[in-house]
Structure formats: structure tokens, C-alpha cells
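In what follows, a single structure is set out as C-alpha cells and then discussed.
First the proteins, then the strands, lettered A, B, ... as listed; each starts at 1.
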Amino acid sequence: MADVPRASNKPNRPLSPHLQVYQPLINMVMSIFHRITGVGLYVGSLLLVVWLVSATLDRDLFERINGLLGTWFGQLVLLGFTWAYLHHLLGGVRHLIWDSGAGFDLPTVKMLSWGTLVLSVLGTAGIWLLAAYV
Amino acid sequence: MQRAVTPPRNRPDRRGAHHAWRMHLSTWILLILAPLGLGLFVWLAGKPHSVVIDALERPYVALPLAFILFISVWHMALGMRTIIEDYIRRPATLMLLLGLNTVFAVAVVVVVVWSLVQRMLGL
């Protein structure tokens, strides 16, 4: 087993992952985004619940919440919610493809990961343009 | 029978495969139904109370919406369970957070379904 390289033979190698030279991979970044958007949607679902329940309970309360959602901050949160929703949905499709055993060669992994990011941004823009002008 | 592999310390149960199947099922259901739910919210967002409540009181809106929200919360609780199990190592904290996760999920479903049903039935 003398030809098996060991870490101790190369004492000058930087530790991995070495943060100054480490290049983040798109599939890793999308995996992290998937988890972050998942948590965001978990918390953000409370927004939809408050909006929905207030509509069924009290008109004034509903109009006040509606007004809050109409402010620039409220719109920003809803924009973020839309993107997180689409990103997590597309990430879910990616995971279903991978769970079926397909798409594990590197070009496909890269394509699926970039596709998640690009389609989620385009989809968010599409939904908001549709909501604004239709 | 002797078990060959002892469960990891941070996994209180041995139901990983069951979890994966439930995640798959909820993902497939949401893949089909969740765009409908999002579409409804986008359509109703910013609309006055009368329009919103008129839509929510219809059984063919309220019942599918309640179902979509139920599956969503189920999916959310399953996902949050994985996150908690990934990051929390102390058994007591783990059990506490998993419990809170379940309580949150049940509370959201109960409140949403109750509010939709009481309106639909005109209680």
C-alpha cells in the first residue's frame, strides 16, 4: 500500500475547502438556496395564513393587512416569497429527477442547477408582469 | 434479530425511508396543485375584501385550497424535521424543536381549515 498517497506526505497543501481559493459550485449553491428558500417559505406561510384568516374573520382587519402588503416593503416581501416559491418548486423538480436515478452526469447536473436559478428569476418576473398588466 | 447498524444519535427514530416516501408523495401532489394555490393568491392579492371573501366562500375554491394548504404544511413539517435533525445534536433540544415543529404544523392546519369551513357554512 506504499503507492497510496497520504495527507501527511504533503504537509504544504492548503486545507480543503480553502476559503480564499475555493470556488463555489452551482449545484452546491442551489442546494443551499433550496434549504434557505424552504425555511423562508415555512416562515412566509404565516403571511398567507394571516391574510387568509383575516379575510374570513373581519373586514377592517383584512383591509389593514391588505394595506400593509400594498406598501413597498410588503411588495418586496411578496416578491421575495414568489421567487422563493418558484425556486423551491424548481429545486423540487430537480430532486425528483435525481431521485429517479437520472441526470447525474456533470453537464446535466450543471444545466439543471443553472436552470433552477434562471427559470426561478424569469418565472418571478413573468408572474409579477402578468399580475401588473393583465 | 441483531441490528447491524445502530441509529445515529441525532435520529430518534428509524423511519428515514418512510420520511423519504412521504416527502416524495407531498412533493408530487404539490407539483400538481401548488401552482393553482399560488395562482389564486396572485389573482386575489390586493383585491378588496368583497372579492376575496366571495371567492373563498365558494366550496369549489375553499375545499381544494384547504387541501393544498394541508399538503403544504405537511411538506413543510417534513422538511423542517430534516433541517432540525441535521443541525441539532442535543437530544433534549432536538425533541423540543421537533415537538414545536409538529405543534406549528397542526395549529396552522386547524386555524386555516376552521376559518375556511366556518365561512363556507356561514357559521
Can [Y] be reached from [X] by stepping across I, L, V, M, F, W or Y side chains whose heavy atoms are under 4.5 Å apart?
| X | Y | result |
| --- | --- | --- |
| A/L112 | A/L106 | no |
| A/L76 | A/L68 | no |
| B/M80 | B/V103 | no |
| A/L79 | A/I65 | yes |
| A/L46 | A/V39 | yes |

Checklist entry - Mind checking whether B/L69 and A/L52 have side chains closer than 4.5 Å, heavy atoms only? => result yes

Region of [X] that comes under 4.5 Å of a non-hydrogen atom in chain A:
| X | value |
| --- | --- |
| B/L44 | both |
| B/A20 | neither |
| B/I83 | both |

Item to check | Residue part contacting chain B, namely of A/L78, when any heavy atom lies under 4.5 Å | outcome: neither

Item to check | Heavy-atom proximity to chain B below 4.5 Å, by part of A/L69 | outcome: neither

Can you pull every donor-acceptor pair closer than 3.5 Å across chain B and chain A?
residue	atom	partner	partner atom	Å
B/H24	NE2	A/D99	OD2	2.7
B/A34	O	A/Y85	OH	3.0
B/K47	O	A/N66	ND2	2.9
B/H49	N	A/E63	OE2	3.3
B/H49	NE2	A/A55	O	2.9
B/D86	OD2	A/R35	NH1	2.9
B/D86	OD2	A/R35	NH2	2.8
B/Y87	OH	A/R35	NH1	3.1
B/N101	OD1	A/Y42	OH	2.6
B/Q118	NE2	A/T56	O	3.4
B/R119	NH1	A/T56	O	3.1

Item to check | side chain to side chain contact (heavy atoms under 4.5 Å, CB included) between A/L130 and B/V42, intermediate numbers included | outcome: CA-CA 9 Å; A/L130 212 68; B/V42 170; over 6 Å; no

Item to check | Option in B/L38, B/L56, B/V73 with maximal non-hydrogen atom pairs under 4.5 Å from chain A | outcome: B/L38

Item to check | Closest heavy-atom pair and its distance - B/I53, A/A55 | outcome: CD1-O, 3.1 Å

Next on the checklist: Would you say CZ of A/F73 has more than 12 non-hydrogen atoms from neighbouring residues, nucleotides or ligands within 6.0 angstrom?
Outcome noted: no

Checklist entry - What distance separates B/L30 CG from A/L89 CG, expressed to the nearest 0.5 Å? => result 8.5 Å

